[in-house]
Amino acid sequence: MPELPEVETIRRQLEKKIINRKIEEIIIKDKRLIKGVSPRVFKFEAEGASFKRILRRGKVLIFQIKEKTFLIFHLRISGWVILSKNIEKFSRVIFRLSDNNNFQFCDQRALGEIRLIGDWRNLAVVKKMGPEFFDLKEKEFIELFKNKRTKIKPLLMDQSFLAGIGNAYAQEAVFCAGIHPQRSVDSLSKKELGKIYSCLSAILKEAIKKKGSSLDTYRQLNGSPGNYAPLLKVYGREGQACFRCGYSIERKVIGGRGTYFCPHCQK
DNA sequence: AATGGGACCTGCGCGC
DNA sequence: TGCGCGCAGGTCCCAT
C-alpha cells in the first residue's frame, strides 16, 4: 500500500481505534516479517504493552507502546492493516487486543517488515530519510533540487531526497505539472519546480481525503478500498486518452519502474 | 553522484 | 484448461 496518503490514512484511522488498547497476545504466523529481533524476543517485549502514540514518517508507521519501545511497520509493496474480529487470509502477524479485536498486519507478498526499537529516530531507514513533504514551504522544496542532475520522477520517489512519495503519486505529480518524467532536474525552472510543489500538495491532500488509492491490495483499516484510484490521471492508463490533450498515454520504464505519462503535454 | 541489475516474495492476468 | 511470462504502489545491495 504504501505511499504517504495510504499510510497517513491508516495512521489517522488507527489513532481513533487502538490508542490505550493493550496487546494481549501476538500471533506470528509468518516469522519472516519480524526483523531485527527473534520472534520470541519480539513477543516478550511487546505483549502486555499498550498503544500510546501513533506516528508516521515517510511510508513508515510508528507505534509507541512503552516509554522506550516503539513498534515499527513498513508495508512495502503489498502490505495492509486490518482491525477486525475475523482473521484475514493474508494475515501474517496478529495483535490480539484487549477489546477482542485483532489488529492484523496482512501482506500478500510477505515483503513487509515489523520491528521493535527503543527509539524510532534510530531506525536506519529513518536516519537517511529526506524531509516530510508537508513540513516544507515552497521555497524550501525548491532548495532541495539545488545541485541535483538526475531525472525528476525517480528523484521524487527517492526516500533519502523526499519522504513518502512513491511510484504512483510521483507520476501523477509530474503529469499535473506538465513535466516529462525524464526531464533532468537541472533543466527545470523555479516556476516549474513551484508547479510540482503545488501539484504534489494538492494531489497528496486529496488522496488523504479520499482515504488512499486501492490499486492492488491496499485497504483502509476496516477493509474498505480507498477512493482515490478513480481520480488518477495517468497511472495505469496506457493507451487511453490523456484527460488534458486527448493524446494516447504511454508507459515506459524509467529508473526501473513502470511510468505512465502523456508524451504530448508533458515536456 | 547516478544508474542498472538482481534479490526479496506471491498472485494475477494475459497470450498461446 | 494449463502453462509460461510479465507485471505489481518498495527498498536494499552490489557493480559500473
Side-chain angles (χ1 to χ4, degrees), chain A residues 1-10 29-36 56-61 72-81 88-93 105-115 123-130 133 144-175 181-187 200 203-204 207-208 210-220 225-239 251-260:
Chain A
M1 58 164 245
E3 300 185 45
L4 186 156
E6 289 75 33
V7 181
E8 180 60 18
T9 296
I10 289 174
K29 296 175 73 181
D30 189 336
K31 57 186 192 315
R32 292 174 301 178
L33 300 233
I34 309 291
K35 310 283 184 182
R56 177 189 60 75
R57 178 78 171 90
K59 303 172 192 173
V60 179
L61 253 183
I72 308 297
F73 282 10
H74 197 311
L75 302 158
R76 293 286 183 95
I77 288 188
S78 62
W80 71 101
V81 299
E88 298 282 310
K89 179 178 173 193
F90 289 103
S91 261
R92 306 269 180 189
V93 178
F105 188 120
C106 305
D107 193 349
Q108 185 188 89
R109 290 165 72 179
L111 295 174
E113 288 189 7
I114 299 180
R115 293 175 182 273
L123 276 173
V125 66
V126 166
K127 281 199 161 180
K128 63 187 170 193
M129 209 176 263
F133 177 78
L144 291 181
F145 292 84
K146 216 158 60 175
N147 303 324
K148 292 282 180 187
R149 292 162 183 283
T150 183
K151 297 178 181 107
I152 181 62
K153 186 256 177 176
L155 183 62
L156 288 175
M157 46 189 294
D158 177 348
Q159 300 303 296
S160 65
F161 174 75
L162 183 64
I165 314 301
N167 197 29
Y169 294 109
Q171 45 200 293
E172 291 298 309
V174 289
F175 169 79
Q182 283 179 304
R183 269 282 289 285
S184 174
V185 167
D186 55 4
S187 78
L200 261 180
I203 289 167
L204 296 176
I208 292 171
K210 297 286 184 189
K211 316 282 199 283
S213 308
S214 289
L215 296 169
D216 194 356
T217 56
Y218 164 72
R219 292 294 179 273
Q220 297 182 51
N227 304 304
Y228 192 77
L231 301 183
L232 293 165
K233 303 286 192 288
V234 284
Y235 186 86
R237 299 195 63 245
E238 184 178 19
R251 178 185 185 275
K252 190 171 180 179
V253 175
I254 298 172
R257 308 299 300 277
T259 305
Y260 301 87

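Chain naming here is simple, since letters A, B, ... match the order of the sequence lines and numbering starts at 1 in each.
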- Query: OP1 or OP2 of B:dA2 sitting under 4.0 Å from any side-chain N/O of A:Lys151?
  - Reply: no
- Give a yes/no answer on whether the side chain of A:Gln159 brings an N or O atom under 4.0 Å of OP1 or OP2 in C:dG10. no
- Salt bridge A:Glu172-A:Lys233, side-chain N to carboxylate O under 4.0 Å: no
- Query: What is the base-pairing partner of B:dA2, counting Watson-Crick and G-U wobble geometry with both distances under 3.5 Å?
  - Reply: C:dT16
- Message: Does a side-chain N or O of A:Arg109 approach OP1 or OP2 of C:dC7 to a distance below 4.0 Å, or not?
- Response: no
- Query: Which part of the nucleic acid does A:Gly166 contact within heavy-atom distance under 4.0 Å: base, sugar-phosphate only, or nothing?
  - Reply: sugar-phosphate
- Query: C:dT11 phosphate, OP1 or OP2: any side-chain N/O from A:Lys128 under 4.0 angstrom?
  - Reply: no
- Ignoring backbone atoms, establish whether A:Thr150 has a side-chain N or O less than 4.0 Å from OP1 or OP2 of B:dT3. yes
- When rounded to whole Å, the CD to C1' distance for the pair A:Glu113 and B:dA7 reads 14 Å
- Item | Under-4.0 Å side-chain N/O to phosphate OP1/OP2 contact, A:His74 with C:dT11 | yes
- Think A:Arg76 has a side-chain N or O under 4.0 angstrom from the OP1 or OP2 of B:dC8? no
- Query: How is A:Arg32 classified with respect to the nucleic acid when contacts are heavy atoms under 4.0 Å: base, sugar-phosphate, or nothing?
  - Reply: sugar-phosphate
- Pairwise side-chain contact, A:Phe133 with A:Tyr169, heavy-atom cut-off 4.5 Å (strictly under): no
